[in-house]
There are 2 protein chains.
Amino acid sequence: MTRSIPEATVARLPLYLRALVECSEADIVTISSTGLAAASGVNAAIVRKDLSQLGAFGTRGVGYRVVELIDEISSVMGLDQDRAVVIVGIGNLGRALAAYDGFTRRGFDVVGLFDAADALVGQTIAGMVVEDAADLDTAVADRGATIAVIATPAAHAQETVDRLVANGVTAILNFAPVHIDSPEHVAVRKVDLSTELQILSFYEQLYASPGPDQQLATGT
Amino acid sequence: MTRSIPEATVARLPLYLRALVECSEADIVTISSTGLAAASGVNAAIVRKDLSQLGAFGTRGVGYRVVELIDEISSVMGLDQDRAVVIVGIGNLGRALAAYDGFTRRGFDVVGLFDAADALVGQTIAGMVVEDAADLDTAVADRGATIAVIATPAAHAQETVDRLVANGVTAILNFAPVHIDSPEHVAVRKVDLSTELQILSFYEQLYASPGPDQQLATGT
DNA sequence: CTTTGTGAAATCCTTCACAGCG
DNA sequence: CGCTGTGAAGGATTTCACAAAG
């Protein structure tokens, strides 16, 4: 039934969702594609095309019903089901992610923090006890974790991923600054902080020196 | 001279750079497009097209000289010049970013940490004293910061950006979960952690239930 | 014989423009 | 009259395939 939603659309649906939840909290009942576009930072035509992809119908002359759209997008994105998440690598970044509330809301349930360092194991971070990375395999399998966040050093990322995938993880958010290989049925997204800075460096120098004459869209 | 490098290429050059630096440290002298592709997780044809964009010439039958390519990419990305960076919002994430070494290497010089909370101002994080966000404007201007990292709550992000831009910042890395408006000459990249998780949720459920029959490429 | 550099084809995504509905 | 839904046009990006170079 979910007839192959384009990747670009999938990447934007969460943006709409966030804007819609804000509308909902402000007791706004309907919103036009133009309004949603402004709140999400995209083009209005794209909003309409995206929403038409998932069969959600707005009302001509009026717009979209906010609560209806929230339900629809949540359902399509699978946010109406709980998902168990583990975070591997509890360095500075891992700690911040463990405490980040955007990670714990919306159906994501952090069921384990793992690190290989003896000094960290047993410590309590954000209300959870850090466990030994050696116990990762069984813990992941037992707790039914399907999503993993990799915040390990680059050198350990691939090995960690292999173990996770072998134990049932099918989606990975990779913060380690390295490319990881994974089977086709495993979804991988990477967040690469130093790469982002370097990209900014390019555009910074581009705008700085010559005539201001180039575009930049921050795509996903 | 920099003849408009496609955005997609710019986003990949840092990946090549990282792989090349690793080769360099392993004393590898030349690398083929196939090798570089494998290390970066992209297609070999794309590597060649990307590199041809910046006029870097490989040697047919041999490949690319590693050190030469590192210099070329560094130069194109503007990584051979120092850039002053400020981090605004020293919560869990801001703290992690301040300590993250990927942020402090490669010509990026963190020249200020700012937060609005009295409890934080004056504290030392990663060897730097947190300053009052009220002093942001003059500090940014005085220290010549051109890149800013936004790790504030969503509600303060836009206001912060406006002040930064008014004082000379032309590139922004936004971690706040909100869309920010900025003038055309300002480059903005966003890193949206909860959005990434939601995207993974979609593909996780896609692979889980029906036949495994869909693609996913983690583009930037 | 290996590997680059690149036209051309194919695919994906965005933007435009407007018919049609409420 | 306002706004959605969508065919069609326009761009951008990726992939293919191969001639040319070392």
Fill in: Working for side chain to side chain donor-acceptor pair (under 3.5 Å), residues A:T30 and A:R65
CA-CA 4 Å; A:T30 63; A:R65 289 185 58 81; over 6 Å; no
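- Side-chain N/O atoms of A:T59 include none lying less than 4.0 angstrom from OP1 or OP2 on C:dG22.
- Electrostatic pairing of B:E22 and B:R18 does not count as a salt bridge here, judged by no charged N lying under 4.0 Å from a carboxylate O.
- A:A44 comes within 4.0 angstrom of no nucleic acid atom, judged by non-hydrogen atoms across all strands.
- The 5' end of DNA chain C is approached more closely, in terms of each residue's nearest nucleotide, by B:V62 than by the other of A:A45 and B:V62.
- Look at B:S32 and you won't find any side-chain N or O under 4.0 angstrom from OP1 or OP2 of C:dT3.
- Look at CG on A:N43: it is 12 Å from P on C:dA17, rounded to the nearest Å.
- No side-chain donor from either of A:R83 and A:T146 sits under 3.5 Å from a side-chain acceptor of the other.
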With a cut-off of 3.5 Å and sequence neighbours excluded, list every side-chain donor-acceptor pair involving residues 88-100 of chain B.
none

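- One atom, OH of B:Y64, and another, C1' of D:dA21, lie 13 Å apart when rounded to the nearest Å.
- If you take CD of A:E7 and P of C:dT14, they are 11 Å apart, rounded to a whole angstrom.
- With hydrogens and angles ignored, no donor-acceptor pair closer than 3.5 Å exists between the side chain of B:R60 and the base of C:dT3.
- Contact annotation: A:R48 does not reach the phosphate of C:dC18 (side-chain N/O to OP1 or OP2, under 4.0 Å).
- Atom NZ of A:K49 is separated from atom P of C:dC18 by 15 Å (rounded to the nearest Å).
- Across the protein-nucleic acid pair, B:L51 atom CG and C:dT3 atom C1' stand 13 Å apart, rounded to whole Å.
- Note: CD (B:Q53) to P (D:dA12) measures 12 Å, nearest angstrom.
- No donor-acceptor contact under 3.5 angstrom links the side chains of B:D80 and B:S74, judged on distance only.
- At whole-Å resolution of the value, CZ in A:R65 and C1' in D:dC3 are 16 Å apart.
- Taking atom CZ on A:F57 and atom C1' on D:dC3, their separation rounds to 15 Å, with Å as the unit.
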